[in-house]
Amino acid sequence: MADYQAPLRDMRFVLNEVFDAPSIWASLPKIADNVDPETADAILEEAGKITGGVLAPLNREADEQGCKWNNGDVTSPEGFKEAYQTIVEGGWNGLGGNPDFGGMGMPKTLVAQFEEMMQGANMAFGLAPMLTAGACLALDAHGSQELKEKYLPNMYSGVWSGAMDLTEPHAGTDLGIIRTKAEPNDDGSFNVTGTKIFITWGEHDLAENIIHLVLAKLPDAPKGPKGISLFLVPKFMVNDDGSLGERNSFSCGSIEKKMGIKASATCVMNFDGAKGWLVGEENKGLAAMFTMMNYERLGVGIQGIGAAEASLQNAREYANDRIQSRAPTGAQQPEKAADPILVHPDVRRMLLTMKSYVEGGRTFSTYVAQWLDISKYAEDDERRQHAEGMVALLTPVAKAFLTDRGLETTIIGQQVFGGHGFIREWGQEQLVRDCRITQIYEGTNGIQAMDLMGRKVVGSQGKFYELFAQDVARFIEENSGEAALKPYLEPLAAALERLSDVTEHVINQAGDSPNAIGAAAVDYLDMFGYTALAFMWAKSVKAAAPKAEGDTSGFYTGKLKTARFYFDRLLPKTVSLAEGIRSGSESMMALAANEI
Ligand SMILES: Cc1cc2nc3c(=O)[nH]c(=O)nc-3n(C[C@H](O)[C@H](O)[C@H](O)COP(=O)(O)OP(=O)(O)OC[C@H]3O[C@@H](n4cnc5c(N)ncnc54)[C@H](O)[C@@H]3O)c2cc1C
């Protein structure tokens, strides 16, 4: 099994050569104060050391051990406490946090690279800092000054961790029907009562306190999603001087046995009149939680790439070492009993598909992160609103497309190993098991597709879609004279036109056919994702082509050849997806329940 190595070379290429991130940072004064190219590079380097040297070596053994529940307490696998301490001491929890409360104020474009390393090295562990960072974001955006001052510094430092409590036994996708209640007290606090399930790192022994952000309903709240409020509920009360007080009245009833990410605790949380404080306005909790969820959704997409990168590293090494059969063109290593499996076209198909998704996916997540930075930090209203539209449109694509391709990449990697991929010691089966959840939590990928097609595309009558289409069209126009890009711009333009036609088709159908959006959604998101990755690969060609001549490292030439493979073998999937979408909902809805 290959030892996970943070893909620093490619991350630097994406940040500096594809997006020229330092120029974007320099254009956003609040970020420019915190980061310069040298600092960013030092952060990448150090993140690579910690994720590869501390987190990755724990991954397999922690999966074997899992978390242990005992009478409400949860013990994490061996080594996690020490690793968490390393993360705390390095200030990694607050990397993207608000400097007013102790965060480091780094741009998301950079933070996204750290997140990918952490998830690729050890996904179960990586969930803890990821949830804390998301909770901090929601608190920073919606909490009162008092709550922020009291909780954020210790959360950014990681001394306290965060958890997100939405799901209930009867309410997952449909949060409008949650039953958890919050009764107001005279002192401005609330008593929260109810049961939440599947709460990641809801209870553990890594941090001194756990800050839960809980969705609950106030008495007489309107029915449905408009009657949900958000509450901060700490495991231990926090005294005015910042010291910890008595334990709050809630506990972890049990932890789940599950398919993957076994080293993370997935908790049933029972709230029994637990003391909490309102975050944001009454009945606007879902909107406040969405701040966290949008952040987490990109984070989950990044988990997909992290697992995919680990799978690629394993499979690439194995394909060079494993010898089976001779190359169709004749023996390549006649001194050996057989040739490395890398010589076989089908093994190359697998490896290049993986490389296309991993590197294209990393470029896409950085592209989305760039819009998040601009939406958060731009001082010019128009620029900020434009970026907000992009973030709204692209977030569900990043979550679903990158996790679908992430799982696909872990499975393809397993296939490269043949039977050995099914055996525990090579690590491939764990990657498949761990990555599977990314398609399900933070809103299933089906729900992401509905969000994209229904709310973002049809809901805005194509307005958000146009922002993306214009960005691609502008790139095509600006680079029409570039010889190196010529073979790519025509198929990119054709893919964009195909996507625009289908977008218009579904918008037109949606008015007459209530099932049109649901029937088109998943294939539409896939089509969008494949087109977006083609755009990313074209951008990568633009950055790599001038440096490819005389490149003996294989890095830049490898980029150009992988782009060729992507355009030849993967982008054409959009043709069949478009066909399927145009067939409408009839064949899907024609069967009665007893015919399915
Ligand atoms: C390991 C793990 C960790 C988790 N961590 C957390 C956490 O930290 N905090 C938290 O609050 N939750 C967490 N969850 C819960 C997770 O977010 C939910 O499981 C997920 O959102 C789906 O909800 P559900 O399981 O109730 O499925 P359901 O909502 O019952 O959905 C079942 C199926 O129906 C589909 N479906 C439902 N409604 C529609 C619709 N309107 N249109 C089309 N299709 C629809 C879904 O896509 C899905 O395929 C976690 C879950 C797991 C397994």
Side-chain angles (χ1 to χ4, degrees), residues 63 66-67 74 119 123-135 138 161-180 192 194-204 210-216 224-225 228 230-231 233 252 254-269 271 285-286 288-290 292-297 299-300 303 396 399-400 403-404 433-455 514-525 585 588-589 596:
D63 177 63
C67 286
V74 173
Q119 305 298 350
M123 194 188 288
F125 180 94
L127 277 160
M130 175 178 160
L131 280 153
T132 305
S161 71
M164 177 168 92
D165 302 49
L166 292 74
T167 308
E168 299 183 7
H170 68 291
T173 301
D174 188 358
L175 293 169
I177 58 173
I178 59 167
R179 294 188 190 130
T180 298
V192 177
T195 296
K196 297 285 177 182
I197 62 165
F198 297 161
I199 306 309
T200 301
W201 289 115
E203 177 57 41
H204 58 81
I210 305 173
I211 312 305
H212 290 255
L213 290 187
V214 183
L215 289 183
I228 299 176
L230 181 62
F231 298 88
V233 186
C252 173
S254 61
I255 58 174
E256 307 292 345
K257 293 195 165 60
K258 52 194 192 291
M259 172 179 175
I261 52 165
K262 291 182 184 213
S264 72
T266 305
C267 306
V268 173
M269 300 302 307
F271 294 88
L286 213 49
M289 200 58 136
F290 259 100
M292 180 171 181
M293 288 199 292
N294 275 334
Y295 179 93
E296 303 291 1
R297 282 176 178 176
V300 174
Q303 288 191 311
K399 195 278 177 180
T403 57
D404 283 348
R433 287 187 290 103
D434 283 353
C435 193
R436 179 67 178 91
I437 186 60
T438 61
Q439 297 177 304
I440 298 171
Y441 58 18
E442 275 312 314
T444 63
N445 284 1
I447 294 302
Q448 303 301 323
M450 292 287 286
D451 180 40
L452 172 71
M453 179 91 265
R455 287 183 51 220
N515 286 319
I517 293 174
V522 165
D523 288 340
Y524 180 80
L525 187 144
S585 62
M588 233 171 248
M589 304 312 289
I596 293 177

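Everything quoted here is computed from the prediction, not taken from an experiment. Indexing begins at 1, ligand by ligand and atom by atom, following the structure's order.
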Just do the side-chain contact (heavy atoms from CB on, under 4.5 Å) check on M130 and Q303 with the steps written out, would you? CA-CA 10 Å; M130 175 178 160; Q303 288 191 311; 4.0 Å; yes
For atom 30 (O) of ligand 1, state whether the nearest protein heavy atom is under 4.0 Å away. no
Identify the closest protein heavy atom to atom 15 (C) of ligand 1: which residue and atom is it, and at what distance? T167 OG1, 3.2 Å
Rounded to the nearest 0.5 angstrom, the CG-CD1 distance for D451 and I517 is 11.5 Å
Which residue and atom name correspond to the protein heavy atom nearest atom 21 (O) of ligand 1, and how close is it? G443 N, 3.9 Å
Evaluating non-hydrogen atoms only, which member of S264, G172, G446 is closest to atom 23 (O) of ligand 1? G172
So, is Y441 polar-close to ligand 1, with some N/O to N/O distance under 3.5 Å? no
Specify the protein heavy atom at minimum distance from atom 27 (O) of ligand 1: its residue, its atom name, and the distance to 0.1 Å. T173 OG1, 4.2 Å
Sub-4.5 Å side-chain heavy-atom contact between L213 and M289: yes
Could you measure the distance from the CG atom of D165 to the CZ atom of F231? Nearest 0.5 Å is fine. 13.0 Å
What protein heavy atom sits nearest atom 49 (O) of ligand 1, and how far away is it? T444 CG2, 4.4 Å
Donor-acceptor check, side chain of H212 to backbone of M164, threshold 3.5 angstrom: yes or no? no
Sorted by chain and number, sequence neighbours left out, side chain to side chain donor-acceptor pair (under 3.5 Å) with D404 holds for Q439, N445
Among L131, L175, I447, closest by heavy atom to atom 39 (C) of ligand 1 is I447
At less than 4.0 angstrom from any non-hydrogen atom of M164, what atoms of ligand 1 do you find? 7 (C), 8 (O), 9 (N), 10 (C), 11 (O)
Separation of L286 CG from I228 CD1 (nearest 0.5 Å): 4.5 Å
Do ligand 1 and L166 have nitrogen or oxygen atoms that lie under 3.5 Å from each other? yes
Check the side chains of E168 and T180 for a donor-acceptor pair under 3.5 angstrom, ignoring hydrogens and angles. yes
If we set the cut-off at 4.0 Å for heavy atoms, which region of E442 has an atom near ligand 1: side chain, backbone, both, or neither? backbone
Starting at CD1 of I197, measure out to NE2 of H170 and round the result to the nearest 0.5 Å. 10.0 Å
Pairwise distance CZ(R433) to NZ(K258) - rounded to 0.5 angstrom: 10.5 Å
Atom 4 (C) of ligand 1: the protein heavy-atom neighbour that sits closest, reported with distance to 0.1 Å: F198 O, 3.1 Å
Side chain, backbone, both or neither: which applies to I437 and ligand 1 if a contact is any heavy-atom pair less than 4.0 Å apart? side chain
Looking at atom 34 (O) of ligand 1, tell me if a protein heavy atom falls under 4.0 Å from it. no
Using a strict cut-off of 4.0 Å, indicate which atoms of ligand 1 neighbour a heavy atom of I440. 20 (C)
Which ligand 1 atoms, with their elements, are less than 4.0 angstrom from a heavy-atom of T200? 3 (C), 4 (C), 5 (N), 6 (C), 7 (C), 8 (O)
